[in-house]
Structures are given as structure tokens and as C-alpha cells.
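These notes concern the structure reproduced below.
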Amino acid sequence: MKASTEPAKAEPVGIRRPPLVRELLLVAGLFLVYKLGRQLATGHTAEAFRNARRVWDGERALHLPGEGAVQAALLHSDTTIHFANTYYATVHFPATVAFLVWLYLRRPAHYVWARRVLAAVTGAALVIHLTFPLAPPRLLGEAGLIDTGQVFGPTVYGASPEADTLSNQFAAMPSLHFGWALMVAGGLIVATRSRLRWLWLLHPLVTLLVIVGTANHYWLDAIVASALLGIALAVVHAPHRTESTAAGQSRRLAPADEPVLVGAGR
């Protein structure tokens, strides 16, 4: 009788989902801080417009393409401009929530990673919103752009920034619309194996054209959001690529002597 010298086969290690109630509270808290933090930055009208002129002049000095060219393309068609306004008003939050829900159910380890990255980016963005209030290009006379939401609808903002009690219109930089959209696309590309997964990049691409074409953001708002996301991704490392089981659970292969690591983060 021979003694086997072959190493034991690796056993699949399941990744447990974080407790649902705790995650609901964490994600709800993230959105609440996002909304309340934007409100704290209101009331800085003069500073917001000074910063807007600096950003506008800085973009021209950097020879960035004019936001007006994108808006002019959207204004060629009523259907296109209505689509852009609707996309801006309705896709941002639902797409991010759907992304987190899908990861929680199908890729729990990637969910924890994505939640941490989004929290880091949102927190850093709020600090910038508080310290660098910025009027969007639709409010800046020098830009020569129109507020497509007010003119064509729908819009999520009040006609007067000072009287808008639901949102802070002076929190243009960075653009969390773009930062979150880029994270949604990147997270789905990392967490899935489909050959078509790169098509998810259409979401941040369309978002970029929409936020610029509707004059809600400058190019630099998206650039700063991308930089913040890059820093967060460098600090919060993604888990190993997962394998989908028949039951839709996420799991990875680990050596037999590797301890089980529960994929719940705090």
C-alpha cells in the first residue's frame, strides 16, 4: 500500500454575506451623510462663483474642450436633451443601489470592497464640497451655457440656488455622478467574467456626456472624481476574481491550510 504524496486538492471556501440589517444601516447612513453634507455647504454664493470663474479660466488655460460643444450636440434634438436630463435626474442613485444589491447577493466579497471604495470617495468629495464650493457652468454667465433642466425638464434643482432646500447646487466638484458611475462600471468588470463586461463602461461615458452637456458639471469635476476614485482603489484592494456556483454564490479557491476569511467588513 502506497502512501500518497500528492497534495490535497484545494477546497472552495464560501464567502459569507455581511449581516443584512447592518449593511442597510451602513448604506443608508452613507446616502444620508451625502445629502446632509451637501446641505452644510450652502450659503457660499460669492465664493462659489469666484471658484467657478477660476475653474473655467483654468480649463481654458489647459486647452480642455469646451463644455458648450457637448451641449450644442444635445440641443440638436428634443429627444436627446430630454434623455440627457432624465438620465441625470433618475439614473445616478438607482444604478448605484442596484449595483450594491447585486454585489451583495452574488459577490459578497466584492460588495464589501465596493462599499468601502464608495464610502471613501464620497467622504473625500464631501470634504471638497465643504472647502471648495463651486457653482456649476449652467449658473456661470461667462460659460454661455443654458440650464437644460430648467428649460426642457426634468430637473432635480430649484430655479434659485439660494432658495433650494433639497440640494446644494454649489457642490459641483468633484462630480459624484461620474465618480459613482465609474465605480459601478469598474466594479462590475472586476466582479464578472463575461466577455461583454467591458460594455459597462458605457455607463460612465454616457454619464460624462450628460453631466457636461446639461451644464451641471465642468470637465475638471469629472477629472477630480476620477483621481479620488483612483486613490481609493489603490488603498482599498479588490478581492480575488470570483467563480460563480450553480446557486449563484461567490467563492474562491484557497489552499488547504489557508484560514477562512469572512468577507464582511466594518
Side-chain angles (χ1 to χ4, degrees), residues 17-18 20-39 74 79-108 110-123 125-126 129 136 148-150 152-158 164-169 171-172 174-192 194 196-217 221-222 225-226 228-229 232-233 248:
R17 295 187 186 95
L20 178 59
V21 174
R22 188 190 71 184
E23 291 307 309
L24 288 175
L25 292 174
L26 284 173
V27 174
L30 174 63
F31 283 102
L32 182 62
V33 170
Y34 168 73
K35 297 299 291 183
L36 292 179
R38 290 169 68 96
Q39 287 297 311
L74 295 181
T79 301
T80 304
I81 195 61
H82 277 290
F83 169 81
N85 288 334
T86 302
Y87 199 93
Y88 182 87
T90 64
V91 174
H92 176 49
F93 278 105
T96 307
V97 171
F99 164 68
L100 290 173
V101 169
W102 186 86
L103 287 182
Y104 180 84
L105 295 175
R106 302 296 299 274
R107 303 288 190 272
H110 286 84
Y111 163 79
V112 174
W113 162 69
R115 186 247 290 153
R116 289 171 174 168
V117 171
L118 285 172
V121 171
T122 303
L126 290 178
H129 292 165
T148 62
Q150 292 293 334
F152 299 97
T155 182
V156 296
Y157 300 119
D164 193 340
T165 59
L166 297 178
S167 59
N168 174 23
Q169 298 191 39
S175 169
L176 285 178
H177 266 75
F178 183 71
W180 287 9
L182 194 58
M183 180 58 201
V184 168
L188 290 172
I189 289 171
V190 170
T192 59
S194 170
L196 299 178
R197 67 187 185 277
W198 295 98
L199 290 177
W200 286 113
L201 289 173
L202 289 174
H203 176 42
L205 176 60
V206 172
T207 299
L208 177 61
L209 295 177
V210 163
I211 64 175
V212 172
T214 57
N216 282 295
H217 287 283
D221 298 340
S226 301
L228 291 180
L229 179 60
L233 290 172

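Being a predicted model, the structure only gives us computed values, none of them experimental.
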Could you check whether any side-chain heavy atom of [X] comes within less than 4.5 Å of a side-chain heavy atom of [Y], counting everything from C-beta outward?
| X | Y | answer |
| --- | --- | --- |
| Glu23 | Arg115 | yes |
| Asp221 | Phe178 | no |
| Val117 | Met183 | yes |
| Leu74 | Thr148 | no |

Looking at [atom1] of [X] and [atom2] of [Y], how far apart are the two atoms once the value is rounded to the nearest 0.5 Å?
| X | Y | atom1 | atom2 | value |
| --- | --- | --- | --- | --- |
| Leu233 | Ser226 | CG | OG | 10.5 Å |
| Leu199 | Leu188 | CG | CG | 12.0 Å |
| Leu229 | Leu182 | CG | CG | 5.0 Å |
| Leu176 | Leu118 | CG | CG | 9.5 Å |

Worksheet item: Checking side chain to side chain contact (heavy atoms under 4.5 Å, CB included) against Val212, which of Leu208, Val210, Thr214 comes through?
Response: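 It is Leu208; the other options fail the test.
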Restricting to ring-ring contact (aromatic ring centres under 6.0 Å, His included), what partner residues turn up for [X], sequence neighbours left out?
| X | answer |
| --- | --- |
| Phe83 | Tyr87 |
| His177 | Tyr88, His92 |
| Tyr111 | Tyr104 |

Response to the item:
Contacts of Ala95 meeting side-chain contact (heavy atoms from CB on, under 4.5 Å) (sequence neighbours excluded), chain-then-number -> Val91, His203
Discussion item. The criterion is side-chain contact (heavy atoms from CB on, under 4.5 Å); which residues satisfy it with Ala185, sequence neighbours excluded?
Written reply: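 Once residues adjacent in sequence are excluded, the partners of Ala185 under the side-chain contact (heavy atoms from CB on, under 4.5 Å) criterion are Trp200, Leu201, Pro204.
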Worksheet item: Hey, does the side chain of His217 reach the backbone of Pro136 with a donor-acceptor pair shorter than 3.5 angstrom?
Response: no
Worksheet item: Are the side chain of Arg17 and the backbone N or O of Leu105 linked by a donor-acceptor pair below 3.5 Å?
Response: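 Side chain of Arg17 to backbone of Leu105: a pair is present.
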Closest non-hydrogen atom pair between [X] and [Y], with its separation:
| X | Y | value |
| --- | --- | --- |
| Thr192 | Trp102 | CG2-CH2, 3.6 Å |
| Trp113 | Gly187 | CZ3-CA, 3.9 Å |
| Ala232 | Ala120 | CB-CB, 4.2 Å |
| Ala191 | Leu103 | CB-CD2, 3.9 Å |
| Tyr157 | Gln150 | O-NE2, 2.9 Å |
| Gly153 | Asn85 | O-ND2, 3.1 Å |

Discussion item. Run the side chain to side chain donor-acceptor pair (under 3.5 Å) test against Thr155 and tell me which residues pass, sequence neighbours left out.
Written reply: none
